[in-house]
Amino acid sequence: MKSILNRLSLIAFALALQGCFSASGFHKIAGSNVGFKNSNEIDYRVDKEVVTGELTVRLVSHRAENCENGRDYHLELNGAIGPDATRAVKLILDSLPKCFRTDASLRGSGTWVFMNSGGGRLVDGIELGRLFRERRIPVSLVKGQICASSCAVAFIGGSQREMEPNTELFFHSPYRFKFNGGISCVDRNDIRILELYFNDMLGNKNGEYAFRRMMDYCSTSDGWVLNKDAARTFGLLGFAN
């Protein structure tokens with residue numbers, strides 16, 4: 001199967017950074033081991049870098065004739081998903097010029113979001129995932145990226161969800177910290193909103209299974225871990241219903 005990066009209309013091609021090329025000749029995706037090679041025709045640059053709490057949101061552009069101002073865009077999320085994440089992504093998306101897509105496989109805005117995060121607040125992951133679905137935003141993980149906890153919750157909201165080899169989705173049951181330093185697991189009946197979210201994003205069959213498997217793990221270090229093939233097998237990758 002072709003690489004995700006080779007199928008994005010906004011990307012000419014991507015190469016793993018092996019250290020034998022000048023760093024100035026590449027844009028490296030945040031939290032990953034791959035980057036986009038610059039040339040005279042295509043020049044990747046970071047147009048904006050919003051840092052809020054432990055989250056960095058990069059707006060990256062490159063030359064593209066099919067966009068109103070001659071540049072196309074993608075976003076890179078790197079760090080904890082916090083209360084400002086959804087607002088920051090929404091405001092950036094609202095500021096982008098229109099592009100006229102010719103690739104029929106890109107169902108949605110075509111503004112891809114690359115994600116690398118160890119987690120964050122559950123409510124913020126749900127909110128970000130619903131924004132992805134509302135705006136029909138495709139999401140992906142590329143080599144070296146891990147999307148855990150609330151990031152994984154947000155990831156399943158993408159209108160198209162893809163993973164490269166050597167990436168990882170990590171789900172675990174919501175929990176609260178106790179005063180003594182331990183954790184208190186959240187009962188399934190107390191988070192009906194999360195179960196409904198999984199069903200909305202993945203369909204009832206895949207959503208129920210993924211939600212149940214996630215709830216099997218109440219731990220700060222253990223969870224339901226999926227690589228690319230496992231995520232596709234369980235219905236977490238591909239186009240949204």
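All residue numbers in this chain count up from 1 along the given sequence.
- Residues Leu128 and Val89 meet the side-chain proximity criterion, which asks for heavy atoms closer than 4.5 Å.
- The aromatic rings of His74 and Phe36 lie perpendicular to each other, with more than 60° between the two planes, well past the 30° mark.
- One side chain, Arg71 or Ser61, offers a donor N or O that lies under 3.5 Å from an acceptor on the other.
- Scored by the salt bridge (Lys or Arg N to Asp or Glu O under 4.0 Å) test, Asp84 finds no partners at all (sequence neighbours excluded).
- Between Phe171 and Trp224, the ring planes lie tilted relative to each other; the angle falls in the 30° to 60° range.
- Under 4.0 Å is where a charged nitrogen must lie from a carboxylate oxygen, and between Arg130 and Asp200 at least one such pair does.
- Partners of Arg192 according to the salt bridge (Lys or Arg N to Asp or Glu O under 4.0 Å) rule, which considers only residues two or more places apart in sequence or in another chain, are Glu195.
- Under the ring-ring contact (aromatic ring centres under 6.0 Å, His included) criterion, Phe177 pairs with Tyr175, not counting sequence neighbours.
- Taking all atoms of both residues into account, the shortest heavy-atom contact from Gly235 to Arg161 is O-NH2, 3.8 Å.
- Of the possible donor and acceptor atoms, one in the side chain of Arg133 sits under 3.5 Å from a partner among the backbone N and O of Met201.
- Under the side-chain hydrogen bond (donor to acceptor under 3.5 Å, both in side chains) criterion, the residue pairs touching residues 203-215 are Arg188-Glu208, Asn199-Glu208, Arg213-Asp216, Arg213-Tyr217, with sequence neighbours excluded.
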Start with the C-alpha gap between Leu75 and Trp112, add the side-chain angles, then the distance that decides, and say whether side chain to side chain contact (heavy atoms under 4.5 Å, CB included) holds.
CA-CA 6 Å; Leu75 298 182; Trp112 281 78; over 6 Å; no
Check the pair Asp124 / Ser150 against side-chain hydrogen bond (donor to acceptor under 3.5 Å, both in side chains), numbers first and verdict last.
CA-CA 7 Å; Asp124 298 321; Ser150 62; over 6 Å; no
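- Residues in residues 193-237 take part in these disulfide bond (SG atoms under 2.5 Å apart) pairs, two or more places apart or across chains: Cys185-Cys218.
- Scored by the salt bridge (Lys or Arg N to Asp or Glu O under 4.0 Å) test, Arg58 finds Glu49, Glu76 as partners (sequence neighbours excluded).
- A single hydrophobic cluster is not seen to contain both Val123 and Phe132; linkage of ILVMFWY side chains at heavy-atom distances under 4.5 Å, directly or through other members, places them apart.
- Side-chain contact between Gln145 and Ile29 is present, with heavy atoms from C-beta onward closer than 4.5 Å.
- Salt bridge Lys37/Asp43: absent, no basic N to carboxylate O contact under 4.0 Å.
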